[in-house]
Structures are given as structure tokens and as C-alpha cells.
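Take a look at the structure set out below.
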Amino acid sequence: MGIQGLLPLLAEVTKRTHVSSFAGQTFGVDISCWLHAGATRCATQLALGQPTRGYVDFVLDRIACLRHNKVSPYVVFDGQSLPAKAGTNTARSARRAEAKALGEALLRKGDHAGAKDAFKRAVSITSSMGRHVQHA
């Protein structure tokens, strides 16, 4: 997910500002980041296979915020998996599976807060989730 350590490297050349200062401009948005942020908010439902629109609503709210501030979003979805990242993706998948198993165990013990935290680490963004956003 992203480039490890990139944000700290950019810290001295960034400036916090309100999105309205970009009115009239077009933003490129990597929707995977917003999907992941939205999915962590409904991670328990996703992990348990329960229906949820939480991640879709999160993304749509962010797009609405840009539009409200007269910024045009140019939304980009991830493409195919890259063979060069196969090892990284396998390791991430294993960590997510471990986190899901831990969350399920904690849930059985009645530790809802711990389970929720584990399920957040188990979140996996799928192409199906992207399609749900596209069709919303």
C-alpha cells in the first residue's frame, strides 16, 4: 500500500491548506487510499461477511467534499497485480489472514474492541469494492 516512508520525506515541502484553495483545479485521486480508509470504518462487517456500504459512502463523501469546494476529482482505480510485487502481496495476504483469525478469536472471547482493531488490520481492498464505488 503506497510507498513506505514517503510522507515523512515530503514533510518539509508540504503545507496544510483547505481544499477550497484549489477551487477550479482538477485533483487526481488514488481511490484505493480512500477505499482502504473507508473499509477500516466498517472492518468488522467486512470481516464477518455482513453487508455494508460504509466504504462506498466514505468515498462518495470525499468526492462530494471536493465537488462542493469546486475541485474536479479525476478518480483512478488500481490496475492488475504486478508480478514484481507477488512476494509483497503474498506476505500482506498472510498478515491479513492472521489478523482476521485473531479478530474472530477475540470476538468469541467477547473482546469487541480488540476484535475491531484486528479486523482493521485484516481489511483487503478488492476489485469488487471498486466496482461498488463505480456504480454508486
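All heavy atoms count here, side chains included; hydrogens, waters and symmetry mates do not.
- Arg41 is linked by a side-chain hydrogen bond (donor to acceptor under 3.5 Å, both in side chains) to nothing, counting only residues two or more places apart in sequence or in another chain.
- Distance CH2/Trp34 to CD1/Ile63: 6.0 Å, rounded to 0.5 Å.
- Taking every heavy atom of both residues into account, Cys65 and Val19 meet most closely at SG-CG1, 4.3 Å.
- Ser93 places no side-chain N or O within donor-acceptor distance of the main-chain N or O of Asn89, the cut-off being under 3.5 Å.
- Residue Leu102 holds its CG atom at 11.0 Å from CG of Leu107, rounded to the nearest 0.5 Å.
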Practice prompt. Start with the C-alpha gap between Phe22 and Thr17, add the side-chain angles, then the distance that decides, and say whether side chain to side chain contact (heavy atoms under 4.5 Å, CB included) holds.
Written response: CA-CA 9 Å; Phe22 299 101; Thr17 187; 3.5 Å; yes
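- Counting all heavy atoms, side chain and backbone alike, Thr52 lies closest to Cys42 at OG1-CB, 3.5 Å.
- Taking both residues in full, the closest heavy atoms of Ala47 and Lys100 are given as O-CE, 3.1 Å, listed atom of the first, atom of the second, then distance.
- Considering OG of Ser124 and CE of Met129, their distance stands at 8.0 Å, rounded to 0.5 Å.
- Taking CZ of Arg92 as the reference point, atom CZ of Arg95 lies at 7.0 Å (rounded to 0.5 Å).
- One finds the CD1 atom of Ile31 at 14.0 Å from the NE2 atom of His36 (value rounded to the nearest 0.5 Å).
- No path of Ile, Leu, Val, Met, Phe, Trp and Tyr side chains, each step under 4.5 Å between heavy atoms, connects Val76 with Val133, placing them in separate hydrophobic clusters.
- Residues Ala23 and Val71 come closest through the heavy atom pair N-CG2, 4.0 Å.
- Smallest separation of non-hydrogen atoms from Gly103 and Ala115: O-CB, 3.4 Å.
- Residue Leu106 holds its CG atom at 8.0 Å from CZ of Phe119, rounded to the nearest 0.5 Å.
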